[in-house]
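The structure presented is a predicted model; accordingly, all values stated were derived computationally and were not measured. Both counts, for ligands and for their atoms, begin at 1 and track the order of listing.
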Amino acid sequence: MKLGVCYYPEHWSQKHWETDAKEMHTAGISIVRIAEFAWAKIEPEEGKYNWDWLDRSVETLASAGHQILLCTPTAAPPAWIINTHPDILPVDEEGRRRRFGSRRHYCPNNKTYHEYSKRITQAMAERYGDHPAVIGWQIDNEFGCYFARCYCETCTTEFQNWLQSKYASLDELNERWGTIFWSQTYDKWAQIEPHNLTVAEPNPSHVLDYYRFASDSWIAYQQIQIDALRESIPTTQFVTHNIIASQTTIDYHDLARDLDFVAWDSYPTGYAEMGSHDLYAPDEQIPAYAHDTGDPLLTGFFHSLTHGLKQSPYWIMEQQTGAINWSLYNTGVRPGALRLWAWQAAASGAEATVFFRWKASRFGLEQHHAGLRNHDGSADTGYADLLTIKAERQQLDDFVAQPLQTDIGILLDYSTLWAMEMQPHRKDFSCLKHLFVFYRACKALGLEADIISPQADLSRYKILLAPNTFLADETLAQKLDGFTTQGGTLLLGVRSGFKDIHNVVTEEPLPGVLRNLAGARVAKWHALPPKISYPIQSELADLDPDVTFWAEALEPADGTKMLANYSAAPFDGLAAITEKSHGNGKVIYCGIYPRFAQAVALMCHLAKLETISILDIPAGLTVFRRGEKLLAMNFTEEPIAFSTKSGEYSVAARDFSIITE
Ligand code: GAL
Ligand code: ZN
């Protein structure tokens with residue numbers, strides 16, 4: 001694994017640069033990422049470039065043996081641009097135009113900003129495109145951070161254009177959106193505004209298209225920079241972007257498509273302190289991980305999501321190095337935390353870990369944010385860990401030398417996610433939570449999963465988990481059909497095929513376009529309030545008989561097996577889970593919303609169908625497999641016993657062991 005660091009030469013007097021560059025090198029760092037917020041220093045006045053400092057900084061780093069990752073600085077347009085073109089500033093959901101004075105203050109659809117972005121990108125690419133130490137480019141920084149949906153006048157017009165090219169005629173749009181409801185029928189494109197300031201809740205089809213349009217806007221904006229870069233840079237320099245994997249406002253599958261690889265920014269304690277309620281069910285007991293390591297399942301889910309974007313290796317573009325500044329408690333870290341994160345990243349498929357940041361900043365918003373070095377330049381705790389990682393790197397590279405084997409795909413469709421988010425119907429019904437429970441079940445059995453798009457290549461997976469196919473069309477039905485026909489095992493979940501891709505309920509029996517594939521009909525469905533459960537009985541080993549949260553009553557077609565059925569009113573005798581042979585494969589329709597233990601029982605069954613060997617991973621342990629070797633990681637404060645075919649082991653607290661299966 002390659003090691004890198006984020007560096008802001010513009011924050012320090014030049015007298016530090018050489019020492020910093022040398023110290024980085026000594027610590028095992030070989031990649032330095034610079035310039036992502038440095039626009040005002042690069043172009044202090046319109047058209048007047050100040051390359052001198054950046055040239056010197058690039059040379060200083062290159063002379064110390066570093067490879068350089070340059071970032072386009074468009075996440076922070078300077079005051080002179082905004083001053084002359086205030087319409088670049090975005091408008092939020094409440095209709096307020098936001099101000100200059102932080103970062104990410106631009107509308108992705110603003111044509112003037114497109115020109116400025118293209119110009120600065122071209123200028124940088126022309127200047128450094130042939131520099132031997134520059135290995136690649138990061139476009140902008142974390143699209144969608146703080147806000148992803150702008151509601152300005154430009155966006156309104158662009159939305160109308162976007163709709164016009166999607167639907168061609170207003171009759172078509174009116175039909176697809178069902179605008180007859182509440183007399184929303186449009187007779188001019190210009191009547192269609194963003195949905196943000198309506199009196200009552202807007203039409204869900206309208207909202208979904210606005211979300212899609214907003215996501216497409218970032219992808220189109222990114223493309224302007226990809227094109228500008230590729231005009232001047234050699235093909236040996238890569239182009240990437242650093243996503244916030246936990247954020248759901250941009251369709252990252254689309255965003256990833258034209259990048260050479262993707263990267264994500266990993267802040268494990270921040271997610272553990274603030275993000276666990278986004279993924280765990282509200283009544284779940286979250287395992288007691290160490291306070292300064294984060295929850296490896298949350299972090300792991302984002303690794304799997306990022307790996308799944310291109311089904312290939314990726315980077316960690318920012319790795320937490322100590323206390324962060326945007327969470328609740330912003331815990332400090334003890335020795336060992338960075339080491340665990342780096343090993344987990346590599347085992348999950350990351351090719352590089354770039355630490356954020358070299359030195360803590362003395363000014364600006366992030367003064368309380370740690371780096372590898374303190375404000376005074378001395379080593380912080382994370383730095384000692386970096387030295388450990390450097391010392392263990394050979395061992396790490398040996399472990400990950402064999403490719404990552406992911407037998408399971410978990411389908412994530414952002415349109416479905418958005419549709420459920422705007423109308424969850426039952427409190428806490430969330431697409432990500434539903435995926436996360438299955439992801440955890442996979443990890444509990446030692447299985448690796450990629451979280452993938454419905455357009456992804458499915459042929460590499462043995463099992464496809466598609467618990468959320470709320471929006472479905474024929475294309476998806478055929479794709480899933482092809483997967484099972486060729487021998488794959490598919491799991492569909494509750495609410496499958498409920499709607500078409502315009503966010504309108506199907507007029508076919510449920511699960512709509514997926515019912516032939518499922519081999520069952522959803523006869524009834526109930527959202528269940530807390531403390532209400534419906535009992536089932538099942539031939540599946542260890543399947544907890546209480547259905548909570550959401551229950552569907554299924555009628556299997558001829559030839560479809562019941563794997564579980566309800567044993568009391570109101571769904572007495574009807575199926576809860578079915579299994580159908582389809583081509584060479586199997587389709588399971590899971591009519592219950594599983595709790596963790598139920599998802600584990602289901603996964604055991606699926607693994608058996610595909611003859612995939614499973615492990616029994618004790619709670620608290622996170623295990624990665626490479627060939628015969630297992631990396632058993634313990635993110636808790638207590639040693640954990642683990643037994644495999646080869647023997648009994650104890651994995652020390654906040655540590656890991658490499659053992660033979
Ligand atoms: C990231 C961002 C960085 C820095 C960091 C602090 O989201 O990309 O620039 O702000 O957070 O944790
Ligand atoms: Zn806008």
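Taking only nitrogen or oxygen atoms, main chain and side chain alike, R103 reaches within less than 3.5 Å of ligand 1. Residue E36 has no nitrogen or oxygen atom sitting less than 3.5 Å from a nitrogen or oxygen atom of ligand 1, judged on distance alone. Between N242 and ligand 1, no N or O atom pair is found at a separation short of 3.5 Å. Of the polar atoms of E142, at least one N or O is found under 3.5 Å from an N or O of ligand 1, judged by distance alone.
For the pair SG of C152 and SG of C107, the angle at the Zn ion (ligand 2) is about 110°; rounding is to 10 degrees. Computed with the Zn ion (ligand 2) at the centre, the C155 SG to C150 SG angle is 110°, stated to 10 degrees.
Note: F436 and Y439 have parallel aromatic rings, judged against thresholds of 30 and 60 degrees for the angle between ring planes.
Of the heavy atoms in Q320, none comes closer than 4.0 Å to ligand 1. At a heavy-atom cutoff of 4.0 Å, ligand 1 is contacted by no atom of I244, backbone or side chain.
Residue contact check for ligand 1: R357 places no non-hydrogen atom closer than 4.0 Å to it.
Those atoms of ligand 1 that come under 4.0 Å of a heavy atom in F37, given as number and element, are 9 (O). Set against the non-hydrogen atoms of E366, the atoms of ligand 1 under 4.0 Å away are 4 (C), 5 (C), 6 (C), 10 (O). Each of the following atoms of ligand 1 lies closer than 4.0 Å to a heavy atom of D265: 8 (O). Of all atoms in ligand 1, listed by their number and element, those nearer than 4.0 Å to a heavy atom of H369 are 6 (C), 12 (O). Per-residue contacts place N141 under 4.0 angstrom from the following atoms of ligand 1 (heavy atoms of the residue considered): 2 (C), 8 (O), 9 (O).
Considering only residues two or more places apart in sequence or on other chains, D55 meets the side chain to side chain contact (heavy atoms under 4.5 Å, CB included) condition with W51, R127, Y128. K111 pairs by the side chain to side chain contact (heavy atoms under 4.5 Å, CB included) definition with H114, E158, not counting sequence neighbours.
Counting only distance, with no hydrogens or angles, the side chain of S378 and the backbone of D376 share no donor-acceptor pair below 3.5 Å.
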Decide yes or no on side-chain hydrogen bond (donor to acceptor under 3.5 Å, both in side chains) for R212 and S415, but give the supporting numbers first.
-> CA-CA 7 Å; R212 288 172 168 145; S415 285; 3.0 Å; yes
With side chain to side chain contact (heavy atoms under 4.5 Å, CB included) as the test, would you mind laying out the steps for I31 and W315 before giving the verdict?
-> CA-CA 12 Å; I31 298 165; W315 282 26; 3.7 Å; yes
Let me see the working for E43 and R119 under salt bridge (charged side-chain N to carboxylate O under 4.0 Å, His left out), right down to the final yes or no.
-> CA-CA 11 Å; E43 192 184 3; R119 238 182 288 154; 5.3 Å; no
